[in-house]
Amino acid sequence: MSQLPLDWAERVWALVALIPEGRVSSYGKLAQLLGFPRHARHVGRALSETPPHIDIPWHRVLNGRGECSLAFQSEGWYVQMALLRAEGILPDDQGRVNLTKYGWQP
DNA sequence: TTAGTGACCATAA
DNA sequence: ATTATGGCCACTA
């Protein structure tokens with residue numbers, strides 16, 4: 001299961017669950033909020049290991065440039081794009097989300 | 001033990 | 001605007 005300390009992953013999931021519909025955040029931002037400013041990679045890792053029964057808005061987490069960090073046009077990429085569009089978050093011409101506009105702060 | 005990798009990021013040209 | 005570079009740290013081989 002979790003290759004990362006379980007408490008860490010659970011903190012990530014709990015924080016992601018707080019992101020309201022129509023807003024987004026980034027890996028680095030979440031790591032910062034959790035008190036580990038340079039651990040962005042571990043936020044991504046925790047999300048990649050989210051068990052199916054944990055229901056959180058993982059699609060609201062993008063990289064620091066407002067882009068989807070999943071492989072371009074991969075299965076997950078399409079899913080994330082669709083979920084974002086479904087809640088009114090529309091990427092710009094470059095396929096990116098404006099973080100200053102949609103970015104979430106607790 | 002070392003080297004490579006990754007749903008990352010800040011900074012510098 | 002874009003690339004390049006160095007840093008980050010847990011995991012794996």
Side-chain angles (χ1 to χ4, degrees):
Chain A
M1 282 291 287
S2 179
Q3 310 285 23
L4 232 46
L6 187 56
D7 59 333
W8 164 261
E10 287 178 338
R11 282 172 190 261
V12 172
W13 298 331
L15 185 55
V16 171
L18 298 180
I19 305 175
E21 183 177 326
R23 304 316 261 337
V24 298
S25 191
S26 70
Y27 302 100
K29 191 61 173 182
L30 295 179
Q32 180 184 14
L33 292 174
L34 288 170
F36 298 88
R38 293 171 179 71
H39 296 227
R41 295 198 114 100
H42 302 297
V43 172
R45 176 172 269 280
L47 288 181
S48 73
E49 296 173 356
T50 306
H53 62 88
I54 303 275
D55 187 23
I56 56 173
W58 61 272
H59 57 281
R60 293 176 192 149
V61 184
L62 307 171
N63 66 25
R65 290 178 283 180
E67 304 169 312
C68 171
S69 276
L70 297 178
F72 182 62
Q73 291 187 335
S74 65
E75 184 178 357
W77 186 92
Y78 283 114
V79 171
Q80 184 163 23
M81 290 297 106
L83 288 172
L84 288 175
R85 270 188 281 111
E87 55 186 69
I89 299 176
L90 303 177
D92 61 17
D93 305 12
Q94 314 293 317
R96 297 184 316 197
V97 172
N98 187 333
L99 288 183
T100 61
K101 181 178 177 183
Y102 294 104
W104 171 74
Q105 294 264 23

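In what follows, chains carry the letters A, B, and so on, assigned in the order in which the sequence lines appear, proteins first and then strands, with residues in each chain numbered from 1.
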message: Could you check whether any side-chain N or O of A/Q80 sits under 3.5 Å from a backbone N or O of A/V61, counting only pairs where one atom can act as donor and the other as acceptor?
response: yes

query: Once you round it to whole Å, what is the distance between P of B/dC8 and CG of A/L99?
result: 14 Å

Output one line per pair: protein atom, nucleotide atom from nucleotides 11-13 of chain B, and distance, for all N/O pairs under 3.5 Å.
none

statement: Of the candidates C/dA10, B/dC8, B/dA7, the side chain of A/N63 sits closest to B/dC8

- request: Please work out which residues in residues 67-90 of chain A have a non-hydrogen atom less than 4.0 Å from an atom of DNA chain B and list them by number.
  value: A/S69, A/L70

query: A/W8 vs A/F36 aromatic rings, parallel, tilted or perpendicular, using cut-offs 30° and 60°?
result: perpendicular

field: Enclosure of A/D92 CG (heavy-atom neighbours >12, cutoff 6.0 Å)
entry: yes

message: With rounding to the closest Å, how many angstrom separate the P atoms on C/dG7 and B/dA7?
response: 22 Å

statement: Here the distance between atom P of B/dG6 and atom CZ of A/R41, to the nearest Å, is 9 Å

- request: Looking at every strand, decide which applies to A/R96 at a 4.0 Å heavy-atom threshold: base, sugar-phosphate, or nothing.
  value: sugar-phosphate

task: Any pair with a residue in residues 77-91 of chain A that passes salt bridge (charged side-chain N to carboxylate O under 4.0 Å, His left out), sequence neighbours left out, goes on the list, sorted by first then second residue, please.
output: A/R60-A/E87

field: Partners passing salt bridge (Lys or Arg N to Asp or Glu O under 4.0 Å) against A/R65 (at least two apart in sequence or in another chain)
entry: A/E67

query: Rounded to the Å, how far apart are A/H59 NE2 and B/dA7 P?
result: 20 Å

- prompt: Which parts of residues 18-39 of chain A get close to DNA chain B, meaning a heavy atom less than 4.0 angstrom away?
  reply: A/S26, A/Y27, A/G28

field: Sequence-distant partners of A/Y78, ring-ring contact (aromatic ring centres under 6.0 Å, His included), two or more places apart
entry: none

message: Looking at every non-hydrogen atom in both residues, tell me the closest pair between A/P91 and A/I89 and how far apart they are.
response: CD-O, 3.7 Å

field: Matching residue for A/I56 among A/L15, A/V16, A/L18 - test: side chain to side chain contact (heavy atoms under 4.5 Å, CB included)
entry: A/V16

- prompt: Rounding to a whole Å, what distance do you find between A/I56:CD1 and B/dA7:P?
  reply: 16 Å

- prompt: Do A/L33 and A/P106 have side chains that get closer than 4.5 Å, going by heavy atoms?
  reply: yes

field: Within-4.5 Å side-chain heavy-atom neighbours: A/R41 and A/R45
entry: no

- prompt: Among C/dA10, C/dC8, B/dA7, which is the nearest nucleotide to the side chain of A/H42?
  reply: C/dA10

field: Flag if over 12 foreign heavy atoms under 6.0 Å of CD, A/E75
entry: no

